[in-house]
Visitor: 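Got a structure for you, questions after.
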Amino acid sequence: MGLTTMRVLWTLPYLPWPITSGGKARQYHLLRRMAARGHAITLLVQSKTPADEAVQQALQPLLERLIVVPRRSLRSPRTLWHAATSSAPLLASVNGFAPALSQQFDALLNEHWDVIQIEHSYGFQPFADSLARRGQPFILTEHNVESELGAATYGKWPAVLRPLAHYDQWRARRWEQRVMSRAAAIVAVTESDARMLGAISGRPAHVVNNGVDTRGFAQVQPDPLALAILFVGNYEYAPNVDAVEWAAAEIMPLVWRQRPQARFLVCGHALPDSWRQRFPDPRIEWRGYVDHLPTVQSQSTVFIAPLRFGGGSKLKVLEALAAGLPIVSTQEGLSGLGAQDGVHARVANTAADMAQALVEVMDDPALAARLGQSARELVNQRFDWDAAAAQLEAVYQTVQAVPA
């Protein structure tokens, strides 16, 4: 157990179940661990999908209350108007200016809370007025430095829209500064993100690491004979889209020159239909969302993390490390994990170097096994959700909401 039981009001701009992204995995596992440590959590969610029976069954045992407010359509006139005219960036406009959510939050503030926890600055707008009017402190968690994601988010926009992209990045930086200036404590998921957030806000940020359920991946045994290269991601997240397109267009053709039998397994939520037409090579298997990740990990030889943008620490990479899969990654793909090149993974930052590293790992089962074993040891030693929950409790000790 950690601290004495605390009443926590925790807000999210999406439901954390089913787990279809790294952010949702983080939320679910932290909620589960914090509940196990005795804290009474009310989860207030604005969601584009309803809380069906499966969601209720997964989340209700962890919570004192689950309150879900529907999010309006992206094509709503309100969304389009605020996206064009607001000082808030596009993502904050999409998730903001939600009267029903603001009213629900304001009513909840009539109760006593030891901690108010806001996830993502882009989800803050509906709560801003109530928090300011009541003078209540809150914790802000940033999973990425959103204003630094511009190259991946806007890089494929038509040239005529580039000025709008630059304007929105400018809005995002100003918005981050505004929200962080009001937070009693700022939480990042890696030391590097904490440094960037500290530079933006002018004060130190706390770190609450991502973790991984090591027991869930302990039985995975990669298949060195499959010549299968695995990537897993949520394709509503622009850096993952960029990673797959770079791999399919530039990395895999170089692999196939040396190992034509190699296959590229692309798994994850919201797989774009257009990829099947754009990249028709039958050696690419567009599998989409998989219910049981250890199964596909056991069918794979190596995990590729060709991430060129993003920040944060990548839960899909952590899960691959926990599964003992040898990993070939960019430096960005291993950010925040402390993995060393040649010890826990192979690091490559160009298409040619990445392709060569993939071939070398597939050709050398002893190298693959050594990397996989070291990766598992790293995760078991450093990345545990209970440790992350303890870090979050330490942040709670620094700030507690004023009683209503």
Side-chain angles (χ1 to χ4, degrees), residues 10-14 22-23 26-27 30 82-83 86-97 115-129 131-132 135-155 162-210 237-239 242 307-315 331-338 388 391-392 394-396 398-399:
W10 190 314
T11 76
L12 266 175
Y14 48 79
R26 176 184 173 88
Q27 295 302 313
L30 277 177
H82 286 295
S86 171
S87 62
L90 179 61
L91 196 55
S93 295
V94 167
N95 290 280
F97 307 101
V115 172
I116 296 172
Q117 182 168 330
I118 310 292
E119 298 288 315
H120 306 285
S121 62
Y122 68 74
F124 176 74
Q125 194 281 330
F127 316 127
D129 289 346
L131 288 168
Q136 289 200 287
F138 64 93
I139 293 169
L140 173 73
T141 300
E142 290 283 60
H143 295 208
N144 299 290
V145 184
E146 295 292 338
S147 61
E148 296 292 323
L149 299 182
T153 304
Y154 305 117
R162 295 292 166 80
L164 178 60
H166 291 306
Y167 172 60
D168 200 57
Q169 280 187 275
W170 175 77
R171 289 195 298 184
R173 179 55 61 91
R174 290 191 61 185
W175 183 255
E176 287 169 341
Q177 291 173 328
R178 175 187 171 192
V179 178
M180 286 190 285
S181 72
R182 296 177 59 177
I186 303 163
V187 172
V189 301
T190 69
E191 294 288 351
S192 60
D193 277 8
R195 287 191 292 271
M196 282 194 284
L197 293 173
I200 294 170
S201 66
R203 58 199 177 95
H206 303 267
V207 175
V208 175
N209 288 319
N210 280 328
Y237 183 54
D242 175 80
L307 291 143
R308 298 188 286 187
F309 315 96
S313 64
K314 285 66 178 179
L315 279 156
Q331 288 178 318
E332 178 61 43
L334 294 168
S335 65
L337 303 182
Q391 290 176 320
L392 184 56
V395 181
Y396 285 3
T398 69
V399 53

Visitor: With sequence neighbours left out, which residue pairs that include part of residues 189-209 fulfil the ring pair (Phe, Tyr, Trp, His ring centres under 6.0 Å) condition?
Guide: none

Visitor: Residues two or more places apart in sequence or in another chain: which of them pass side-chain contact (heavy atoms from CB on, under 4.5 Å) with A194?
Guide: A188, A205, V207

Visitor: Taking all heavy atoms of T398 and all of A185, pick out the closest pair and write down the distance.
Guide: OG1-CB, 4.3 Å

Visitor: With a 6.0 Å cut-off (strictly less than), is the heavy-atom count around CD of Q177, excluding the residue itself, greater than 12?
Guide: yes

Visitor: For V399 and A184, work out which heavy atoms get closest and say how close.
Guide: CG2-CB, 3.3 Å

Visitor: For F127 together with F138, are the ring centres under 6.0 Å from each other?
Guide: no

Visitor: If I take atom CG from residue L197 and atom CD1 from residue I186, how far apart are they, to the nearest 0.5 angstrom?
Guide: 6.5 Å

Visitor: Treating N95 as the side-chain partner and L91 as the backbone partner, does any N or O pair qualify as donor plus acceptor under 3.5 Å?
Guide: yes

Visitor: Can you tell me if K314 uses its side chain to pair, donor with acceptor, with the backbone of E332 under 3.5 Å?
Guide: yes

Visitor: Within the distance-only criterion (no hydrogens, no angle test), does the side chain of R203 pair as donor or acceptor with the backbone N or O of M180 below 3.5 angstrom?
Guide: yes

Visitor: Are the side chain of N210 and the backbone N or O of L315 linked by a donor-acceptor pair below 3.5 Å?
Guide: no

Visitor: Kindly compute the distance separating CG (L337) from CG (N209), expressed to the nearest 0.5 Å.
Guide: 9.0 Å

Visitor: Sequence neighbours left out, what pairs pass side chain to side chain donor-acceptor pair (under 3.5 Å) with at least one residue falling in residues 118-128?
Guide: Y14-H120, Q27-E119, Q117-E119, E119-T141, E119-H143, S121-E142

Visitor: Would you check, one step at a time, whether the test side chain to side chain contact (heavy atoms under 4.5 Å, CB included) holds for V208 with V189?
Guide: CA-CA 5 Å; V208 175; V189 301; over 6 Å; no

Visitor: Give, for atom OG of S335 and atom CG of D193, the distance between the pair rounded to the nearest 0.5 Å.
Guide: 7.0 Å

Visitor: Could you measure the distance from the CD1 atom of I139 to the CD1 atom of I116? Nearest 0.5 Å is fine.
Guide: 9.5 Å

Visitor: Let's go through I200 and V145 carefully: what are the C-alpha distance in whole Å and the side-chain angles of both, what is the deciding distance for side chain to side chain contact (heavy atoms under 4.5 Å, CB included) to 0.1 Å, and is it a yes or a no?
Guide: CA-CA 10 Å; I200 294 170; V145 184; 3.8 Å; yes

Visitor: Which pairs count as ring pair (Phe, Tyr, Trp, His ring centres under 6.0 Å) when at least one residue sits in residues 169-202, sequence neighbours excluded?
Guide: Y167-W170

Visitor: What salt bridge (charged side-chain N to carboxylate O under 4.0 Å, His left out) pairs are there with at least one residue in residues 172-183, not counting sequence neighbours?
Guide: E148-R173, R173-E176

Visitor: From Y237 OH over to D242 CG, what is the distance, rounded to the nearest 0.5 angstrom?
Guide: 11.0 Å

Visitor: For S86, enumerate each residue passing the side-chain contact (heavy atoms from CB on, under 4.5 Å) test, keeping only those at least two apart in sequence or located in another chain.
Guide: H82, A88, S93, F97

